[in-house]
Amino acid sequence: MSTIVTRFAPSPTGYLHVGGARTALFNWLLARNTDGKFLLRIEDTDLARSTEDATRQLLEDLKWLGLSWDNPELVYQSKRLDIYNKIIDQMVADGKAYEAWETKDELEQLQKAAERAKRPFRYVKPNYTADKIQQYKDEGRRAVIRFAMPVKEYKFRDIALDKEVTISPYEVQDFVIRKTDGMPTYHFGVVVDDAEMGVTHVLRGLEHLLNTVNHIALQEALGYARPTYAHLSVMLNPENGEKLSKRDRDRRIRKRAQEWMRSTKKTVADLATPSGLTESRLNDWLTTDTIQLDLSEQPKVMAVVGLKEYDLPEIMIHDFRKNGYAPEVLNNFLALQGWSPGNDLEQMTMQQMVEKFSTDRLVSSNPKFNREKLKSFSTDWFAKASPEKLLATIKDFLQANPASPLNQATDEQLVHLLKMNEGFRILSELEEKSRFFFIPADQIAYDTASIDKVLVKNDRQGVTALKQVRDLLAVQNDWSAAGLETAVKSFCEQTGLALGKVAQPLRVALSGSAVSPPIFDSLAFLGREQTLSRIDRCLTVVG
RNA sequence: GGCCCCAUCGUCUAGAGGCCUAGGACACGGCCCUUUCACGGCCGCGACAUGGGUUCGAAUCCCAUUGGGGUCACCA
């Protein structure tokens with residue numbers, strides 16, 4: 001039995017997308033399951049979009065997920081031009097490929113004409129005369145190289161679909177293998193590199209299914225072995241049933257902005273002023289689905305319409321990290337999008353997934369990405385995680401959220417916060433509930449609705465209770481959570497107040513909102529001085 | 001539109017012709033727990049897209065219809 005070699009071959013255009021991560025995971029799982037090799041290759045042949053920064057982010061995300069690759073030297077396609085050109089030149093010499101002189105514009109015209117005539121567009125090699133070629137050269141045109149694809153029926157087996165896929169001769173056409181800028185196209189790059197790297201199994205998204213015919217034709221022309229193919233289902237956005245896309249985040253913001261304007265009877269101008277964007281820009285964005293806000297504009301609009309980072313659907317791996325998921329949980333959930341170990345088994349460690357993984361349990365229908373279930377997995381994972389694991393995870397989370405006030409916390413305090421927040425789902429929820437501990441008393445923002453409900457309403461009974469409990473706390477000796485609980489509860493018994501009538505005013509006074517960790521833990525964590533000064537400030541606020 | 005892929009609860013799925021009165025998980029509903037938000041416990045609701053075959057017998061095999069998705073670049 002020869003070694004199985006898989007690979008992940010992303011193009012570096014930004015942070016890693018969940019779809020890409022899932023493809024990487026499956027390739028990694030297959031390699032680890034069979035004691036094979038998992039290789040990483042950077043497909044940076046699109047000069048306009050590839051950046052070094054993006055490569056760095058990509059590697060960071062892959063490392064965060066724990067998907068280790070086995071080639072110590074990364075393969076960059078942009079560094080392999082000599083190899084590609086040698087092969088391409090030979091193909092041209094052998095008549096297996098040729099120079100084609102049409103410009104992008106000309107090709108586009110042909111495609112449009114075909115669309116108008118309701119015919120599928122297929123490239124047909126024109127008859128270039130020597131004069132014509134000379135004329136093109138004089139115009140300064142540069143030729144691409146096209147592969148003269150043998151016209152015939154192509155068949156290949158797909159082990160994910162568990163079937164033979166047949167492509168008819170009418171579907172094949174001569175495709176570009178070298179662009180005018182001298183770079184190879186994707187089709188050419190993958191075929192050559194997969195062969196040279198000894199890749200035996202290609203697991204990739206279903207969107208590549210029809211590309212496979214180009215690849216096997218090239219393999220035949222070049223005398224390469226054909227790898228085993230498995231095309232994975234496509235993860236879908238549950239809201240519209242389409243492929244998950246970065247644009248989904250922008251859509252969510254637009255939807256919220258429209259709701260905000262409707263419910264508060266605001267105009268575009270009301271949105272423009274506080275966000276600092278122009279009215280015309282916002283108008284275009286609000287009315288056109290294809291126009292997106294860029295990364296610097298998004299937060300400005302979000303702040304105005306009341307959207308938080310974690311309200312947006314996570315699409316990039318980095319989004320999940322920032323929202324406080326553990327990488328193991330994400331991997332577990334991603335593994336279940338298009339694969340199932342059977343036997344009602346769902347929650348697994350990385351090790352279990354490696355042991356159980358098998359390509360014949362791949363599921364071929366497209367899953368809708370269900371974040372609620374992911375969140376539930378996360379809840380269970382955090383509940384079971386060891387203290388050391390929890391601490392490491394929250395520190396990683398804070399590293400991804402440098403602006404969080406929790407970055408001031410000591411390790412000991414973090415452990416404490418983790419303990420008092422038991423039952424939390426994701427770390428961003430813990431952060432949201434606990435950040436007030438680390439915000440100076442005079443910077444606490446009071447939520448007006450909570451102030452009104454808990455303190456002002458019902459003849460300011462809440463204010464009265466708060467004043468009384470302040471007096472009690474001022475002389476309280478035992479400032480432990482248990483001691484505070486005893487003191488406050490006996491106070492409740494004496495006054496006949498329900499605990500909630502005391503705890504909620506306190507909570508609002510300390511945190512500014514009606515939500516916090518358990519009240520006695522919170523008091524103990526803050527300490528007497530902070531507690532009293534926050535109560536005093538709150539009392540000034542309510543007057 | 002051409003071509004290709006897919007089709008079990010709202011969602012992710014189990015199911016390899018009789019173990020199916022279709023199992024699990026998430027979501028949802030009810031009750032319980034509770035100082036808030038969560039968490040947790042118990043109970044419940046809920047699916048084989050449709051129509052034809054094949055077979056003693058079909059969620060499972062075949063065909064058609066319908067529906068969904070993908071793809072038609074000098075982007076990967």
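Residue numbers start from 1 in every chain, and the chains themselves are labelled A, B, ... in the order their sequence lines are given, proteins ahead of strands. Just so it is clear, the structure is predicted and the values come from calculations on it, not from any experiment.
Taking 4.0 angstrom as the limit, A/Arg425 places a side-chain polar atom (N or O) nearer than this to OP1 or OP2 of B/rC39. Contact annotation: A/Lys179 side-chain N/O to B/rA76 OP1/OP2 distance is under 4.0 Å. One finds a side-chain N or O of A/Lys163 lying less than 4.0 angstrom from the OP1 or OP2 phosphate oxygen of B/rC6. OP1 or OP2 of B/rA76 has at least one side-chain nitrogen or oxygen of A/Thr45 nearer than 4.0 Å.
Closest approach to the A/Arg361 side chain among B/rA14, B/rA76, B/rC26 is made by B/rA14 (side chain taken as heavy atoms from C-beta onward). Distance from the side chain of A/Glu346 is smallest to B/rC12 among B/rG70, B/rC74, B/rC12. Checking B/rC74, B/rC37, B/rU13 against every side-chain atom of A/Lys433, the shortest atom distance belongs to B/rC37. Comparing B/rG2, B/rU36, B/rG40 by their closest approach to the side chain of A/Thr379 singles out B/rG40. The side chain of A/Gln111 lies closest to B/rA73, out of B/rC6, B/rA73, B/rU13. Of the candidates B/rC74, B/rG69, B/rU13, the closest approach to any side-chain atom of A/Leu236 belongs to B/rG69. Between B/rC3, B/rU36, B/rC6, one nucleotide has an atom nearer to the side chain of A/Leu210 than all others, and that is B/rC3. The nucleotide whose nearest atom lies closest to any side-chain atom of A/Tyr186 is, among B/rC74, B/rA76, B/rU35, B/rA76. In the set B/rA38, B/rC75, B/rU36, the nucleotide with an atom closest to the side chain of A/Arg49 is B/rC75. Counting only heavy atoms from C-beta on, A/Leu206 has its side chain closest to B/rC5 among B/rG40, B/rG10, B/rC5.
We find that CD of A/Glu164 is positioned 14 Å from P of B/rC4, with the value rounded to whole Å. Atom-to-atom, CD of A/Glu372 to P of B/rC9 comes out at 20 Å; the value is rounded to the nearest Å. As rounded to whole Å, 18 Å separates atom P of B/rA76 from atom CG of A/Leu16. Going from atom CD of A/Glu102 over to atom P of B/rA73 covers 14 Å, rounded to whole Å. With rounding to whole Å, A/Phe525 atom CZ is found 22 Å from B/rU36 atom P. The interatomic distance linking A/Tyr84 (OH) with B/rA76 (P) rounds to 11 Å, in whole Å. One interatomic measurement links the two molecules: OH of A/Tyr154 to P of B/rC4, which rounds to 17 Å at whole-angstrom precision. Rounded to whole angstrom, the span from the CG atom of A/Asn370 across to the P atom of B/rC26 amounts to 11 Å.
Counting atom types as modelled, A/Thr180 pairs a side-chain N or O with a base atom of B/rC74 as donor and acceptor under 3.5 Å. On a pure distance criterion of 3.5 Å, no polar donor-acceptor pair joins the side chain of A/Lys104 and the base of B/rC74.
The two residues A/Asp478 and A/Gly483 make their nearest non-hydrogen contact at OD2-CA, 3.4 Å.
Proximity of the aromatic rings of A/Phe333 and A/Phe369 is defined here by a centroid distance below 6.0 angstrom, and this criterion is met. Aromatic rings of A/His215 and A/His187 (six-membered ring for Trp) have centroids within the 6.0 Å cut-off, being under it. The ring of A/Trp339 has its center closer than 6.0 angstrom to the ring center of A/Phe357.
Using atom C1' as the reference point in both B/rU54 and B/rU60, the two lie 13 Å apart (nearest Å). Here the separation of B/rA22 from B/rA16, taken at their C1' atoms, is 16 Å to the nearest Å. Here, B/rC39 and B/rG23 have their C1' atoms 27 Å apart, quoted to the whole Å. B/rG70 and B/rC61: their C1' atoms are spaced 26 Å apart (whole Å). B/rC42 and B/rA47 are spaced 25 Å apart, taking the C1' atom of each and rounding to whole Å. With both ends at atom C1', the span from B/rC4 to B/rG40 equals 48 Å, rounded to whole Å. Across the P atoms, B/rC62 and B/rU8 are found 16 Å apart, a figure rounded to whole Å. A gap of 29 Å separates the P atoms of B/rG30 and B/rU13, to the nearest Å.
Tested against A/Phe175, the residues A/Phe147, A/Tyr123, A/Phe188 include a single ring pair (Phe, Tyr, Trp, His ring centres under 6.0 Å) partner, A/Phe147.
Nearer to the 5' terminus of RNA chain B, by closest-nucleotide assignment, is the contact made by A/Pro120 (compared with the other of A/Pro120 and A/Ala503). Nearer to the 5' terminus of RNA chain B, by closest-nucleotide assignment, is the contact made by A/Glu207 (compared with the other of A/Glu207 and A/Pro10).
Considering only heavy atoms from C-beta on, A/Arg22 comes within 4.5 Å of A/Leu232 through its side chain. Two residues are said to be in side-chain contact when any heavy atoms from C-beta on lie closer than 4.5 Å; A/Tyr98 and A/Asp174 meet this criterion.
Using Watson-Crick or G-U wobble geometry with both donor-acceptor distances under 3.5 Å, B/rC72 finds its partner in B/rG1.
Dense packing is recorded around CD of A/Glu139, with more than 12 heavy atoms of other residues, nucleotides or ligands lying under 6.0 Å away.
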